[in-house]
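Side-chain atoms are counted along with the backbone in the values below, which use heavy atoms only and exclude waters and symmetry mates. A, B, ... follow the sequence lines: proteins, then strands. Residue 1 opens every chain.
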There are 2 protein chains.
Amino acid sequence: MELDERKVKILKAIIQNYQETGEPVGSRTISKYTDLNLSSATIRNEMADLEEMGLIVQPHTSAGRIPTDQGYRLYVDQLMAEKDREVAQIKDFMVQRVNRLEQLLRQIARFLATNTNYATMISAPSVSNSKVKFLQLSRMGTDKLLVTVVVEGNIVKNTILDMDRTMSDEDILNLGFHLNNTLNGLTMAQINLGLITKLKEVAGSNADVVEKVLEAVADAISMEGEVPIYTSGATNIFKYPELTTDDTASQIIGTLEEKQQLAQLLTANLGDEDKQGIQIYIGNENSVQAMKDCSVVTATYELKDGLQGTIGIVGPKRMDYDKVVTILKNVMAQLDTMFDKK
Amino acid sequence: MELDERKVKILKAIIQNYQETGEPVGSRTISKYTDLNLSSATIRNEMADLEEMGLIVQPHTSAGRIPTDQGYRLYVDQLMAEKDREVAQIKDFMVQRVNRLEQLLRQIARFLATNTNYATMISAPSVSNSKVKFLQLSRMGTDKLLVTVVVEGNIVKNTILDMDRTMSDEDILNLGFHLNNTLNGLTMAQINLGLITKLKEVAGSNADVVEKVLEAVADAISMEGEVPIYTSGATNIFKYPELTTDDTASQIIGTLEEKQQLAQLLTANLGDEDKQGIQIYIGNENSVQAMKDCSVVTATYELKDGLQGTIGIVGPKRMDYDKVVTILKNVMAQLDTMFDKK
DNA sequence: ATTAGCACTCGATACAAATGAGTGCTAACA
DNA sequence: TGTTAGCACTCATTTGTATCGAGTGCTAAT
């Protein structure tokens, strides 16, 4: 069976109509909806073909057709002509200066949620491969040590250590100086056992403190895999009846709330060069079981210094891919200019 | 109309039965359910009285009775005999050492959500009246200054400042030393204009840096009113049919996700000595419009140094107040011992 | 004061009929 | 040969109707 241009047009019409109404779409609708000027009967024949090809299905006899995951995949891969709307309003948002990254991310999530009517999630930039930029030891009280680590991208992390015994101010100063010099510019991978042993030797009787400090540094760099994730518009899910049945809504919202599983989804492609930019997961293509009836569109953003994070949009399979992709691209562009300027 | 003991017993029975089943409860049920040995007819008479007093209502003719907000209020205020169950399992949770406050709070939220089957929220300790404990200035690169502020309760806050011009290391050291000595132990309220002017004078040409640093300190102390709030078990709401109607579920979950309004609810009583401990808001008694069909139980916890936060449990009006209060008290006790020991 | 009995109310449930959107197929047509 | 009108058929949904039963209020008897 060949997929000629007319079939493509009909498939496109079905997808677009279904995405607006959420109802299975019948041959008569297509006949009137499009500029093909074909009777419903002809459309029916074509539809039968499309169904045979696995691009659309009937939920039950005597119902219209809805696209299959495969149908959407075709649409997304081949047919998506990007619109250049939505640009204007994006330009305006965030006029107020945002100095905190966290707030910025929250704002973006909220913006996307209200403008797309889908649920939105965004992961904070991860510093997995980032370098130590600065390290500071300060004594607090008699037996506590404040370790401040700054990694590339100016992300600051603090840890307060209990020291087993008192160290002299001079020792602390020296140790700090030494550690700073040694670790500066290194990634986690580069802080190997040899280096650690050497540091401990130099520290002499303070080797135990060095160990604790290094732990803190490791913590700061790896973030213990706990990338903060912000979500918004989870309740948009309720706008799509096909997701409100049974407990699917409950599952989706639960997943969005707990964030645990989202990390997996959002950080999956971070290292992968090929998977940069925008990815679309339709139905079962995404790894989160609770979202098997959804589609997820993700986009990787990058601040300077290789700091990367991901934005994700969760909606029904009939989501307006076109619009979502456009709006995401624009937000990305916005982010780029924001961080280039700075 | 007088509220004699028998009426109270019947009211109690109605509330308890309704809280288990979620269905309006009829006279016959009560007649068998209780140890009063009264016929359903007698119960009916009493019920009519209770209804007249505004403590229970019929959702419609030919249905059983359900408690009104007033009825619950009476129950909560007078009748709640605290059970001492649930203690055992609480003791066990959190054996794994939790070093981060954030993680601890998340864990508590999750624990409460799974054990009560209601939605849970918890606000991080607020430092509104806390004192500066430690302050550290460090140069980063040529023109950046890292300000690290530790306030009571060991909450650390960092800010990276751009300096307009380069300061010598010695100047930075001196300034840091001086600021630390001056501000140590002060609350925000105590850092007044006189003090600021004096600090600036001493700093001489670096007065502008002092100003920026003080801003950062103020930021750290006040947290800009943005208390982090963690939620868990929002989807528990779906377990209660009476909250799943219309878009109430959507509203409640939306409120829980956005957190904005929760802050209001959770921080409202923080200063108030009288309102310490456990508070119960039934129906409209709480200030959040979206939760007018819910009850909210809040408890204020206190770490050392006057750091206070609030835990909140959100459920249907027929929630098991008794259980919730007991479990909350136990968690509080747990927290107390954790932070006293440390 | 309590209770048995009874008529009444009204939401819930079940079932049948009507509705109508949509299909597949066939025969006629350009 | 591709297109279309027409028609019989399917089946989820809607509508209407009868029944059921839990629960009430009232009255009269105990």
*Asks:* Any N/O pairs under 3.5 Å between the protein and nucleotides 19-23 of chain D? List them or say none.
*Replies:*
none

*Asks:* dC10(C) phosphate, OP1 or OP2: any side-chain N/O from Thr61(B) under 4.0 angstrom?
*Replies:*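 So the side chain of Thr61(B) is within the cut-off, an N or O lying under 4.0 Å from OP1 or OP2 of dC10(C).
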*Asks:* Using a strict cut-off of less than 4.0 Å between a Lys/Arg side-chain nitrogen and an Asp/Glu carboxylate oxygen, indicate whether Lys7(A) and Asp49(A) qualify as a salt bridge.
*Replies:*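 A salt bridge is present here (some side-chain N lies under 4.0 Å from a carboxylate O).
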*Asks:* Please classify the nucleic acid contact of Thr42(B) as base, sugar-phosphate, or nothing, using heavy-atom distances under 4.0 Å.
*Replies:*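 Result for Thr42(B) = base.
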*Asks:* Please name the pair of heavy atoms, one in Val288(B) and one in Gln261(B), separated by the smallest distance, quoted to 0.1 Å.
*Replies:*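 Heavy atoms of Val288(B) and Gln261(B) come nearest at CG1-OE1, 3.6 Å.
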*Asks:* Answer yes or no: is there a side-chain heavy-atom contact under 4.5 Å between Ile278(A) and Val297(A)?
*Replies:*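 In contact.
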*Asks:* Is the closest side-chain heavy-atom distance between Leu3(A) and Leu50(A) below 4.5 Å?
*Replies:*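 Result yes, sub-4.5 Å side-chain heavy-atom pair found.
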*Asks:* Would you kindly give the CG-to-C1' distance between Leu36(B) and dA1(C), to the nearest whole Å?
*Replies:*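 Going from CG in Leu36(B) over to C1' in dA1(C) covers 15 Å.
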*Asks:* Would you name the heavy atoms of Lys12(A) and Tyr75(A) that are closest together and state the gap between them?
*Replies:*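 That closest heavy-atom pairing would be CG-CE1, 3.9 Å.
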*Asks:* Where along residues 48-57 of chain A does a heavy atom fall under 4.0 Å from DNA chain C?
*Replies:*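 Within this stretch, nothing sits under 4.0 Å of the strand.
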*Asks:* To the nearest 0.5 Å, tell me how far Lys317(A) NZ sits from Arg73(A) CZ.
*Replies:*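 So the gap between those two atoms works out to 12.0 Å.
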*Asks:* Rounding to an integer number of Å, can you tell me how far Ile66(A) CD1 sits from dT23(C) P?
*Replies:*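 Atom CD1 in Ile66(A) sits about 13 Å away from atom P in dT23(C).
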*Asks:* Below 4.5 Å, heavy atoms only, C-beta onward: do Tyr72(B) and Thr68(B) meet side chain to side chain?
*Replies:*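 No, side chains not in contact.
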*Asks:* Roughly how far, to the nearest 0.5 Å, is CG of Asn286(B) from NZ of Lys292(B)?
*Replies:*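 CG of Asn286(B) is found 10.5 Å from NZ of Lys292(B).
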*Asks:* Of all the nucleotides listed (dC11(D), dA5(D), dT2(C)), which has the minimum atom distance to the side chain of Ala41(A)?
*Replies:*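 Comparing dC11(D), dA5(D), dT2(C) against the side chain of Ala41(A), the answer is dA5(D).
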*Asks:* Rounded to whole angstroms, how far apart are CG on Asn17(A) and C1' on dG22(C)?
*Replies:*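 In whole Å, dG22(C) C1' lies 14 Å from Asn17(A) CG.
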